[in-house]
Amino acid sequence: MTLFALRKWFAVLLVSCLMLIQPLSVVNARSPLTALSIEQVVDPVMKNEMNNLHIPGAAIVITQGDRIIFKKGYGFADVEQQIPVDPERTVFRIGSVTKSFTATAAMQLVEKGKLSLREDLNTVLKDYKITNNRYGPITLHHLLTHTAGIDEKIYKRDNHESVIPEFSTETVNETLQMQETIFTPGSKFQYSNAGTGLLGSVIEQASGQSLHDYMRENIFRPLGMDSAELYLPEDRSKLAKSYYYDGNGYQTIPYSGIIFPGSGAANMTPVDFAPYMIAHLSGGSYNGTSLLKPETVQSMHAQQFAAHKRMYGIGYGFFKGETKNGIPTLWANGGIDGFISKMVLIPSESIGIFVAVNATHPGLELHGKVVNAFTDKLLTEQVRKPLTPVDGTIDEMKKLEGQYLLTLTPENGWGKGLRLLSSYPYTVKALDGQTISVTGLFQNEGQQSLEKKFVQVDDHFFQEIDGEEQLYFHEEQGKFYMTGPMNFSLPRISIIESPPVLLALYVIPGIVFILLSLVWIARFGLRKWRKQSHAISKVVPIMALLHSLFFIIQFTYANAELVYGYPAFYQFVVASLPIVSLAAAAYLLLRIGTAKERDRWKVVNSAAAILSILYTGYLFYWNFLSIHYS
């Protein structure tokens, strides 16, 4: 997989988990909303941005009260066949928005007394137990707020066959046994597909049904969501295709299956998504059908975790945030196989907005612009409260300076090495005693790094100037963190820990070994042509060829297949090639050290052997080899 393609894949994983923050005001009165007034605002944004961002197809559905007040499709669900998007018929994959449905299912079981929010999950798990929770017991509350401390799962998360498992018990158990928890449950937010995968398995064991059957009987059917399901449909004539734009045209992205259905497997038409928004905005009821009790809905929408008292935080299945003009929102978004979707609820107005597109590269830029255009022009005038800065000093602000790193890669097992290829740095600079600038990636702003300015409004707590982002700086176990961009806690890193340096330490030795292989092959050929009889070292070319072969296969095959898993041949043979090279290097150094005769290539051979040993150690640390450091 090329670095460009890998970053596109990581952007999909990333936009499944980016978060916004705190509202500061309420809306004012305005004229009643109509389909015509909405269309006049939304149409120009959708058409212009779809063209600018190379999005082939999109759909938007807006609800208010108990009805749909606007629905429209744009562009094509199938570019090749020129099939237009129809919000009533076109099925979209909604990715991690599925997590909100999974949270709703869990809270239904809490209402029935089959699950408890604060008890150790091992008390309800029947088919396995959580044994790697070395930092303490995990509860339902932890899973619902992404604070369980479960390491992320990337390796073998998906499959090429577009298969969604009927029950997720086996895959979840395998994940839990292989990867330990990485922090104390409840101590901080860490977006986790594996955690929501466990949540789906908990629902299955508490209900005695597969997650798909449970949702169909208790959410989809009661709400009249006829097209909704967790499995990819056998008849895919109505399922939109997804694409990425490579500069020359649209390239189709194949469908894949995900081993954690509750994390991102749901598919449905945009119109069928509407009843879910209506129910959550109507105290848990839709068209006379009760989905949840009003008090349960209230708890799902309330702040259940926040890194700082002034951050809006996260509820159960919903992130809390605001629009650019300060209107409080609840939201969830998702990305899978190139599909990007976003749900935004505005409780104060009983309004729900759902936007889905079938192109991955632009991220959530279109979604954010649609929501902000809608709220800016149709709901209220600018209502954000003025900021009240806290006095500080330039020296205090300079203590916050540095580079902070956002990464979604696991700390254990296959996939740890993705940090070298797909991490997002944020650079913090002090501007004066109250203000800092932060340059990095922000949700709803596309995939380009932007600079934003923040003012300190509380101790080490900053609010974006003329924006909705918030930042909180704190120290944890001797390391400084910045919490805020998408709610993640980003560690401050040194230059040696920066992605360019780490990537260079991975790529440059690989290239050196390729060049060494070519040099030794050319040298061997030249000696044969000249019919020179004295021998040359065969150990160095063996080392170089082994590393070269591994490096080439890693880049052209392994990076692309990581999310689908590796065959045994790769795991135990290809991934062991550097280990064999390490043994050869040790043998060469021993032979050089004990040799009595002079060798003019001694320095070169020794340097090659030492490089082989160091490079193998580096690959071992990042879990590229058949045996892992962590």
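All values derive from a computational prediction rather than experimental measurement.
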When every non-hydrogen atom of Ile164 is compared with those of Leu232, the smallest separation belongs to CG1-N, 4.2 Å
Do side-chain atoms of Asp151 reach the backbone of Glu411 as a donor and acceptor pair under 3.5 angstrom?
yes
Can you confirm whether Leu490 sits close enough to Leu405 that some side-chain heavy atom of one is under 4.5 Å from a side-chain heavy atom of the other?
no
Test item: His146 side-chain N/O and Ser192 main-chain N/O as donor-acceptor pair under 3.5 Å:
yes
Return a table of donor-acceptor pairs under 3.5 angstrom between the side chains of residues 181-188 and protein atoms on other chains or two or more places apart.
from: Thr181; atom 1: OG1; to: Asn132; atom 2: O; distance (Å): 3.3
from: Thr181; atom 1: OG1; to: Arg134; atom 2: N; distance (Å): 3.4
from: Ser187; atom 1: OG; to: Thr184; atom 2: O; distance (Å): 2.6

Taking all atoms of both residues into account, what is the closest heavy-atom pair of Lys398 and Ala430, and its distance?
N-CB, 3.8 Å
Sequence-distant partners of Glu451, salt bridge (Lys or Arg N to Asp or Glu O under 4.0 Å), two or more places apart
none
Stepwise, does the side chain to side chain contact (heavy atoms under 4.5 Å, CB included) test hold for Ser612 with Thr616?
CA-CA 6 Å; Ser612 175; Thr616 302; 4.3 Å; yes
Backbone N or O of Ala575 within a donor-acceptor pair of the Gln571 side chain at under 3.5 Å?
no
Can you list the steps and then say if Tyr404 with Tyr426 is a ring-ring contact (aromatic ring centres under 6.0 Å, His included)?
CA-CA 5 Å; Tyr404 297 77; Tyr426 291 76; 8.7 Å; no
Could you measure the distance from the CE atom of Met543 to the OG atom of Ser517? Nearest 0.5 Å is fine.
10.0 Å
For Glu561 and His160, run side chain to side chain donor-acceptor pair (under 3.5 Å): C-alpha distance rounded to whole Å, both residues' side-chain angles, the deciding distance at 0.1 Å, then the answer.
CA-CA 10 Å; Glu561 292 299 310; His160 288 297; 3.0 Å; yes
Identify the two heavy atoms, one from Phe461 and one from Met311, that lie closest to each other, and give their separation to 0.1 Å.
CE1-CG, 3.6 Å
Between Gln190 and Thr407, the two heavy atoms sitting closest are NE2-O, 4.4 Å
Once salt bridge (Lys or Arg N to Asp or Glu O under 4.0 Å) is applied, what residue pairs with a partner in residues 609-629 remain, sequence neighbours excluded?
none
Heavy-atom check, side chain of Thr435 versus side chain of Ile465, under 4.5 Å:
yes
How would you list all residue pairs meeting salt bridge (Lys or Arg N to Asp or Glu O under 4.0 Å) that involve residues 541-554, not counting sequence neighbours?
none
Side chain of Thr98, backbone of Gly95: donor and acceptor closer than 3.5 Å?
yes
For the residue pair Tyr481 and His474, does the interplanar ring angle fall in the parallel (under 30°), tilted (30 to 60°) or perpendicular (over 60°) class?
parallel
Under 3.5 Å, which donor-acceptor pairs do the side chains of residues 495-514 form with other protein atoms, sequence neighbours left out?
from: Glu497; atom 1: OE1; to: Ser494; atom 2: N; distance (Å): 2.8
from: Glu497; atom 1: OE1; to: Ser494; atom 2: OG; distance (Å): 3.1
from: Ser498; atom 1: OG; to: Ile495; atom 2: O; distance (Å): 2.7

Which donor-acceptor pairs under 3.5 Å do side chains of residues 256-265 form with protein atoms, sequence neighbours excluded?
from: Ser256; atom 1: OG; to: Asp337; atom 2: OD1; distance (Å): 2.6
from: Ser256; atom 1: OG; to: Asp337; atom 2: OD2; distance (Å): 3.3
from: Ser263; atom 1: OG; to: Asn193; atom 2: O; distance (Å): 2.7
from: Ser263; atom 1: OG; to: Gly197; atom 2: N; distance (Å): 3.3

Can you check whether Glu401's main-chain N or O pairs, donor with acceptor, with Arg492's side chain at less than 3.5 Å?
yes
Testing the basics here: between Leu408 and Glu152, what is the closest heavy-atom pair and its distance to 0.1 Å?
O-CG, 3.5 Å
Is it the case that the side chains of Ser96 and Tyr191 hold a donor-acceptor pair, with the cut-off being a distance below 3.5 Å and no angle test?
yes
Can Lys416 be said to sit on top of Tyr155's aromatic six-ring, NZ or CZ under 6.0 Å from centre and within 45° of the ring axis?
no
Is there a donor-acceptor pair under 3.5 Å between the side chain of Tyr566 and the backbone N or O of Ala558?
yes
Do side-chain atoms of His547 reach the backbone of Tyr615 as a donor and acceptor pair under 3.5 angstrom?
no
Within the 4.5 Å heavy-atom criterion, are Val438 and Glu469 side-chain neighbours or not?
no
Counting only N and O atoms by type, is there a donor-acceptor contact under 3.5 Å from the side chain of Asn122 to the main-chain atoms of Ile130?
yes
Would you say the side-chain atoms of His308 and Thr483 include a donor-acceptor pair closer than 3.5 Å?
no
Do Leu364 and Ile340 have side-chain heavy atoms sitting under 4.5 Å apart?
yes
Looking only at non-hydrogen atoms, find the nearest pair between Asn623 and Ser630 and report the distance.
ND2-O, 3.0 Å
Compare all side-chain heavy atoms of Phe189 with those of Phe319 and state whether any distance is below 4.5 angstrom.
yes
Can you find a heavy atom in the side chain of Phe462 that is under 4.5 Å from one in the side chain of Lys453?
no
Student check: side-chain heavy atoms of Lys241 and Tyr255 closer than 4.5 Å
yes
Taking Ile579's backbone N and O only, do any of them form a donor-acceptor pair with Ser576's side chain (distance below 3.5 Å, no angle check)?
no
I'd like to know if the side chain of Asn358 reaches the main chain of Tyr243, judged simply by a donor and an acceptor atom lying under 3.5 Å from each other, with no hydrogens or angles considered.
no
